[in-house]
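What follows is a short report on a single structure.
Values reported hereafter were calculated over all heavy atoms of this structure, with side chains retained and with hydrogens, waters and symmetry mates removed. Because the structure is a prediction, the values reported are computed rather than measured.
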Amino acid sequence: RREKSEWLKKYEEKAAASDLKEENVGSVMSTFSRIWPSALVVAAVLALVTIASQYYEPPSRAARLFPGTPPAAATIFTLIGINLTVFCLWRIPPLWRFMNTYFYVVPGYPRALSMVGAMFSHQSFTHLALNMGVLWFIGTR
């Protein structure tokens with residue numbers, strides 16, 4: 001392999017640097033302080049999904065952005081688009097630190113929002129293609 005450029009090395013070092021000052025901050029956290037932020041995010045998402053499912057009414061055909069596309073397909077297209085966008089963002093070195101913070105789950109350094117971001121994060125094209133294929137075939141049914 002050829003040597004990495006100085007520009008790329010700089011962003012790799014920045015992405016690997018932790019925002020946390022103590023090296024073993026995960027080991028000094030209690031179980032409660034490690035779990036409660038994530039549990040709060042899960043509870044909020046479940047509450048929002050439950051409320052949305054109770055009050056959702058499908059828009060009329062004339063009110064939809066793409067009237068010829070079924071609502072299930074439009075939803076799946078949107079999810080695939082979000083996943084493709086996040087996949088492309090992983091390829092931009094200046095964004096690596098942000099992506100490591102909000103789109104990657106690290107048990108030693110728990111961040112509640114990373115649980116949501118990690119759902120859209122795919123590191124390899126094969127992983128992305130297989131997940132989106134399954135999403136398309138199952139989600140549109």
F66 CZ: over 12 foreign heavy atoms closer than 6.0 Å: no
Path from L113 to F103 over hydrophobic side-chain contacts below 4.5 Å: yes
hydrophobic_cluster_shared for M115 and I82, side chain cutoff 4.5 Å: no
Nearest-0.5 Å distance, CD1 of residue I35 to CG of residue L40: 13.5 Å
Inter- and intrachain pairs under ring-ring contact (aromatic ring centres under 6.0 Å, His included), touching residues 121-141, at least two apart: F77-W136, H122-H127
Contact summary for S114 and T101, nearest pair of heavy atoms: CB-O, 3.7 Å
Nearest-0.5 Å distance that lies between atom CZ in R97 and atom CD in E12: 14.5 Å
Shortest non-hydrogen separation from L128 to F87 and the atoms involved: CD2-CG, 3.8 Å
Within-4.5 Å side-chain heavy-atom neighbours: V41 and V116: yes
W90 side-chain N/O to W96 backbone N/O, donor-acceptor pair under 3.5 Å: no
Minimum side-chain heavy-atom gap Y104-S121 below 4.5 Å: no
Minimal non-hydrogen separation, I76 against G139, with atom names: CD1-CA, 3.8 Å
Separation between CG of L89 and OH of Y102, rounded to the nearest 0.5 Å: 15.0 Å
pair L130-V134: side-chain heavy atoms closer than 4.5 Å: no
ILVMFWY cluster, L84 and L95 together (side-chain gap under 4.5 Å): yes
Interatomic distance, T75 atom OG1 to I80 atom CD1 [nearest 0.5 angstrom]: 11.0 Å
Test item: V86 and M99 side chains (from C-beta on) under 4.5 Å apart, heavy atoms: yes
Aromatic ring pairing F32/W36, orientation class (parallel under 30°, perpendicular over 60°, tilted between): parallel
Inter-residue atom distance L135.CG - I138.CD1, 0.5 Å rounding: 8.5 Å
Heavy-atom pair of closest approach, residues P59 and R64: CG-CG, 3.7 Å
